[in-house]
Asks: 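Before we start, here is the structure in question, set down as structure tokens.
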There are 2 protein chains.
Amino acid sequence: MKNKEIQEQRMRGYFLDATKEMVRAEGLKSLSVRSIADKAGYSYATMYSYFKDVNDLVFLCVQDFYEECRQQVTDQTKKKERGLKRLKAMVRAYADFFVQYPGIFELFFLERMGNFKESDVINLSLDRICEEEWNYCAAKGIIRAEEIEGMKARTRYTIFGLLLMYLNRRAPSSYTEFLHLFNAQLDTILENSRPEQSSTTVNNSLISIKVGNNK
Amino acid sequence: MKNKEIQEQRMRGYFLDATKEMVRAEGLKSLSVRSIADKAGYSYATMYSYFKDVNDLVFLCVQDFYEECRQQVTDQTKKKERGLKRLKAMVRAYADFFVQYPGIFELFFLERMGNFKESDVINLSLDRICEEEWNYCAAKGIIRAEEIEGMKARTRYTIFGLLLMYLNRRAPSSYTEFLHLFNAQLDTILENSRPEQSSTTVNNSLISIKVGNNK
DNA sequence: TTTTAATATTTAACAATGTTAAATATATTT
DNA sequence: AAATATATTTAACATTGTTAAATATTAAAA
């Protein structure tokens, strides 16, 4: 029967949507089987007819959130001049996504999830979202090819560390300070990409990105 | 009465020690009021006579763990040649402390704790533990004074990001790979400290740190 | 269309958790 | 030794995830 599958998929959607909305709004702490089922309009036990357990349900949100993140980064940066400028803007938009939804950061990076296959979606999310622009920079000779992997890694760990401290430890305490740190860090990582260009120039171009459009 | 205070302090110690041992061995997931009380040799409700709640108890471990970390870093690096070598070894020892006790990393960086005063103990732990060596490098002209703060920040966020991914997301999957990443990252951060020195030399000296003494 | 079988959903129940209040045991004072 | 204060434990409650039994709903058969 095809109807069965359609209905089953719809039911899963109700629970998934409820879960995603709660993670977006309140983070993982607000999640419980009962609160999710409430929002979905069913009794708590119904969830177990469509998901193995609550972890199963929550982890299924990861893929959707990843795509939402990718979409938002793409939308926010498609008008930027290609190359380092867009690359920086993309990393910035990636970070801003998690600033906007700390609950998704919690799910992606703080929650313990036992080696499940979607782990790579998270671990490689930044690299994958920016991959095309890294390649562009390499192709245009903006960044030396042999430096790309190292720069990716530096960007990755710096951004994850920065987000961890800002979102989970309130250090720095304001978004403005966070942005200054972000700019300084990313600037340093990318400034040596074109040795013939003065680092000051790159520096200024980055700082000129407008500040404070997050609540 | 002084006896009262001594006994109270002792009681607190029993619960604190039980908690610390469990965090070290199994992480936060193994903690419960009942399991802590069991290990301490008392009933679960007794805890509430000495601590406000279980969070109070757990957060009191932070200061002790910080001092343990500092001690371990100091012990493991006191024979290293002062300057960049020791600085790198200290950051390495700091990271290794959390590799050795992932539960303490969980408590320090992953657990949500509402703005309590000990937050700075965590946020500034790496900087404080290494402070003297940074100062030494500045005083000896190994690192330019105006670059110190930037380098501290880069080191901080890189190490936190790296630990987050390695301990909480199993990326990379082996300690050896983790070490390679660690070396490459720290090397890049510190390599420009002495522009007259070839980066290759610094590179080799760092990679020569022995590998694989963690389980 | 009515009865029966399959399926979907909910309610009841259990074990584990943090926490508080009542009960009991222990120590201190008179 | 009795009375009182203190320390500790047991009982109880609310909340959590989960499973099994009960009920309601839908589909199939008559």
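Only a predicted model underlies this, so the values are computations on that prediction, with no experimental measurement involved. Labels below follow one simple rule: chain letters A, B, ... track the order of the sequence lines, proteins then strands, and each chain is numbered from 1.
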Asks: Measure from the side chain of B/Ser49, starting at C-beta and using heavy atoms only, and say which of D/dT16, D/dT8, C/dT19 lies closest.
Replies: D/dT8
Asks: Record whether the side chain of A/Tyr44 comes under 3.5 Å of the base of C/dA12 through a donor-acceptor pair of N or O atoms.
Replies: yes
Asks: Nearest whole angstrom, please: distance from the P of C/dA8 to the CD of A/Glu5.
Replies: 12 Å
Asks: Side chain of B/Met11, heavy atoms from C-beta onward: which of D/dT8, D/dT19, D/dA12 has the nearest atom to it?
Replies: D/dT8
Asks: Here's a test of your reading of the structure: between B/Ala45 and A/Arg34, which maps to the more 5' nucleotide of DNA chain D?
Replies: B/Ala45
Asks: Could you check how far OH of A/Tyr14 sits from P of C/dT9, rounded to whole Å?
Replies: 10 Å
Asks: Taking CG from B/Asp38 and C1' from D/dT8, how many angstroms apart are they, rounded to a whole number?
Replies: 15 Å
Asks: Could you tell me whether B/Arg34 sits above the aromatic face of B/Tyr44, with NZ or CZ closer than 6.0 angstrom to the six-membered ring centre and within 45 degrees of the axis?
Replies: yes
Asks: I'd like to know if the side chain of A/Asp75 pairs up with that of A/Gln71 as donor and acceptor (distance under 3.5 Å, no hydrogens or angles considered).
Replies: yes
Asks: Just checking B/Tyr42: base, sugar-phosphate only, or nothing, at a heavy-atom cut-off of under 4.0 Å?
Replies: sugar-phosphate
Asks: Assign each of B/Asn55 and A/Met47 to its nearest nucleotide of DNA chain C by heavy atoms, then name whichever residue's nucleotide is nearer the 5' end.
Replies: A/Met47
Asks: Provide, to the nearest angstrom, the distance between the OH atom belonging to A/Tyr48 and the P atom belonging to C/dA8.
Replies: 19 Å
Asks: Could you check whether atom NZ of A/Lys52 has more than 12 heavy atoms from other residues, nucleotides or ligands sitting under 6.0 Å from it?
Replies: no
Asks: Does the side chain of B/Gln72 come under 3.5 Å of the side chain of B/Glu68 through a donor N or O and an acceptor N or O?
Replies: no
Asks: Can you measure A/Leu31 atom CG to D/dT15 atom C1' for me and round it to whole angstrom units?
Replies: 15 Å
Asks: C/dT9 phosphate, OP1 or OP2: any side-chain N/O from A/Tyr50 under 4.0 angstrom?
Replies: yes
Asks: Between A/Tyr94 and A/Ser125, does any side-chain donor sit less than 3.5 Å from a side-chain acceptor?
Replies: yes
Asks: For B/Thr46, report the nucleic acid contact type (base, sugar-phosphate, nothing); a contact means any heavy atom under 4.0 Å.
Replies: base
Asks: Over how many whole Å does the gap from A/Arg10 atom CZ to C/dA8 atom C1' extend?
Replies: 15 Å
Asks: Starting at CZ of B/Phe15 and ending at C1' of D/dA7, how long is that distance when rounded to a whole Å?
Replies: 12 Å
Asks: What is the distance, rounded to the nearest whole Å, between atom CD1 of B/Ile36 and atom P of C/dG18?
Replies: 8 Å
